K.L.:
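Before anything else, here's the structure in question.
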Protein chains: 2
Amino acid sequence: MSSSTPHTQRDLKKARTRRALLDAGLALLEEQSLSSIGLREITRAVGISPAAFYRHFRDVADLGVALVEESLGSLHAVIRAGLTERSDDGERIDHLVDAIARFVREHPEHIRFVVRERHGGVAAVRTAIGSQLDRFAAEVAEVLARDEVSRGWSAEDLRMLGETYVDHMVMTASAFLDAALGEGPSEEAVAHTARRQLRLISFGRRHWISDAATPAP
Amino acid sequence: MSSSTPHTQRDLKKARTRRALLDAGLALLEEQSLSSIGLREITRAVGISPAAFYRHFRDVADLGVALVEESLGSLHAVIRAGLTERSDDGERIDHLVDAIARFVREHPEHIRFVVRERHGGVAAVRTAIGSQLDRFAAEVAEVLARDEVSRGWSAEDLRMLGETYVDHMVMTASAFLDAALGEGPSEEAVAHTARRQLRLISFGRRHWISDAATPAP
DNA sequence: GCGCTCGGCGCACAACTGTTTACTGAGAAC
DNA sequence: GTTCTCAGTAAACAGTTGTGCGCCGAGCGC
């Protein structure tokens, strides 16, 4: 999107092995965490010599950072579409949850990576994911600001709401992933719970009072 | 609490180096993830020979599982107290958030460990944390069931609510930790956001309609 | 076509890993 | 006081790791 990609067949080849490295790393991350993956392990999986790795990345951590952009870039578009699509609350929730479920089904390794490394052992990757999710939250907040229910909401409250949504999405995606691998509840159950949680938030939103003390229950 | 602890001074010594191993592991986990920590690395930090490790744990993963019980055991009591303490919603939220903040200040390494390994690269530890948090969610649900607002809530809905609370606690604790290390927003800011999110949930709770279709906003 | 660029290779290097083996010696048991 | 238990040791094992070096040789610009 930003780098110049000269169409010479040599750069093409380079881009292809770079892809292979990224894919191999992603695959290995299914059962390990980034900080325990060896450079040699990756090159072995790709079928190139260890030294060749340095032609593409400085570090394994560097490869990790590259994976962050890739993984969250695609999710980005999906969620944004899912949120904007319908303004009716019930349908919107269903669509959003479905969108997440579909994404997890199509890119399981990507979200596995994000969830695992969000609080993982590699600082650079952690902060990369963090700032990506921050931008994400801001965007969601912006979309939600357009709803009628958001009238009178302060920017800060909207921001908080956006973070809540993003965190919920990540957790839901993670739960879907577990479901797909047979660990934890079924996909239906996860979707069910996710919808109810979104509904809970939705109710809270509709009756939100920004500053007043909350009455006793 | 469960194991027989003969007061012979030899078992005492053994228990002490076991503690040292656990502490060393916890300390190393501050900047790495469990799957990348070496057995030798731990024994070196403690000052014993690598082979001595096997007198206490079969694996590094085994040590990890032991850390899970320890880390979440203490949090358990704290949160339960924080939740039960006050029935007024506003005060309860404040107390809960304060309790989390205090806990993070007192046991930063423990929650660091839990957050990092919850979705980390070691399956055994992952499931140990998962089941611990599950029990946790059930307990929270039970406490919340005693509120007046929970009249008419199905067991399933309560369970969902409990999970929401637990997830929120973990995320908040993680945010507090980041704050303490100077990454991300300040502790005050984290507490502020956490309180608002809890308030949002609280509003949602009060206006919850279990099955009916949600009206347009 | 000639020279240059540069992705990839092979090899060497020192450092490290987990695990086993036979052992020592302080303390328990009787 | 003698015997047994067992946490911890030292040494060796075969692998593995990241990184540096010099060298190809296919493809590029010209």
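Remember, it's a predicted structure, so these values are computed and weren't measured experimentally. Labels below follow one simple rule: chain letters A, B, ... track the order of the sequence lines, proteins then strands, and each chain is numbered from 1.
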K.L.:
Starting from the C-alpha separation in whole Å, work towards a yes-or-no answer on side-chain hydrogen bond (donor to acceptor under 3.5 Å, both in side chains) for Ser36(B) and Ser36(A).
P.N.:
CA-CA 4 Å; Ser36(B) 70; Ser36(A) 70; over 6 Å; no
K.L.:
Please state whether the rings of Phe203(A) and Trp208(B) are parallel, tilted or perpendicular, taking 30° and 60° as the class boundaries.
P.N.:
perpendicular
K.L.:
Quantify the bending of the helix from dG1(C)-dC30(D) to dT17(C)-dA14(D) as the angle between its end axes, each fitted on five pairs, to 10°.
P.N.:
20°
K.L.:
Check the distance between dG18(D)'s P and Leu39(A)'s CG and give it to me in whole angstrom.
P.N.:
5 Å
K.L.:
For DNA chain C, which residues of residues 42-55 of chain B approach it to below 4.0 angstrom with any heavy atom?
P.N.:
Arg44(B), Pro50(B), Ala51(B), Tyr54(B)
K.L.:
Above 12 or not: heavy atoms from other molecules or residues under 6.0 Å from CD of Glu183(B)?
P.N.:
yes
K.L.:
Regarding Glu163(A) and Gln197(B), is there a side-chain donor-to-acceptor distance under 3.5 Å anywhere?
P.N.:
no
K.L.:
Answer yes or no: does a side-chain N or O of Lys14(B) lie under 4.0 Å from OP1 or OP2 of dA7(D)?
P.N.:
yes
K.L.:
Write down the distance between NZ (Lys13(B)) and P (dA7(D)), rounded to a whole number of angstrom.
P.N.:
13 Å
K.L.:
Can a side-chain donor-acceptor contact be found between Glu117(A) and His119(B) if the only test is distance below 3.5 angstrom?
P.N.:
no
K.L.:
Give the rounded distance in Å between these two atoms: CG of Asp11(A) and C1' of dG29(D).
P.N.:
13 Å
K.L.:
Out of dC6(C), dG8(D), dG18(D), which has the shortest distance to the side chain of Thr17(B)?
P.N.:
dG8(D)
K.L.:
Mind calculating the distance between CZ (Arg10(B)) and P (dG25(C)) to the nearest angstrom?
P.N.:
15 Å
K.L.:
Expressed as a whole number of angstroms, how long is the span from Glu41(B):CD to dT19(C):C1'?
P.N.:
17 Å
K.L.:
Go through the steps for Ser150(A) and Arg205(A) under the test side-chain hydrogen bond (donor to acceptor under 3.5 Å, both in side chains), then give the verdict.
P.N.:
CA-CA 8 Å; Ser150(A) 299; Arg205(A) 239 183 120 191; 3.1 Å; yes
K.L.:
Taking 4.0 angstrom as the limit, do Arg105(B) and Asp98(B) come out as a salt bridge?
P.N.:
no
K.L.:
For the CD atom on Glu31(A), are there more than 12 heavy atoms of other groups (residues, nucleotides or ligands in this structure) within a distance under 6.0 Å?
P.N.:
no
K.L.:
How many whole angstroms separate atom CG of Leu12(A) from atom P of dC28(D)?
P.N.:
10 Å
K.L.:
With the threshold set at under 4.0 Å for non-hydrogen atoms, list the residues of residues 56-70 of chain B touching DNA chain C in residue-number order.
P.N.:
none
K.L.:
Do you know the tightest heavy-atom contact between Leu29(B) and Arg116(B)?
P.N.:
O-NH1, 3.0 Å
K.L.:
Looking at Arg40(A) and dT16(D), is any side-chain donor or acceptor paired with a base atom of the opposite kind under 3.5 Å?
P.N.:
no
K.L.:
Please report, rounded to the nearest Å, how far the P atom of dG27(C) is from the CZ atom of Arg16(B).
P.N.:
11 Å
K.L.:
Could you check Leu63(A), Asp62(A), Leu21(A) and say which one makes a side chain to side chain contact (heavy atoms under 4.5 Å, CB included) with His56(A)?
P.N.:
Leu21(A)
K.L.:
Hey, what do you get for CG (Leu144(A)) to CZ (Arg159(A)), rounding to the nearest 0.5 Å?
P.N.:
12.0 Å
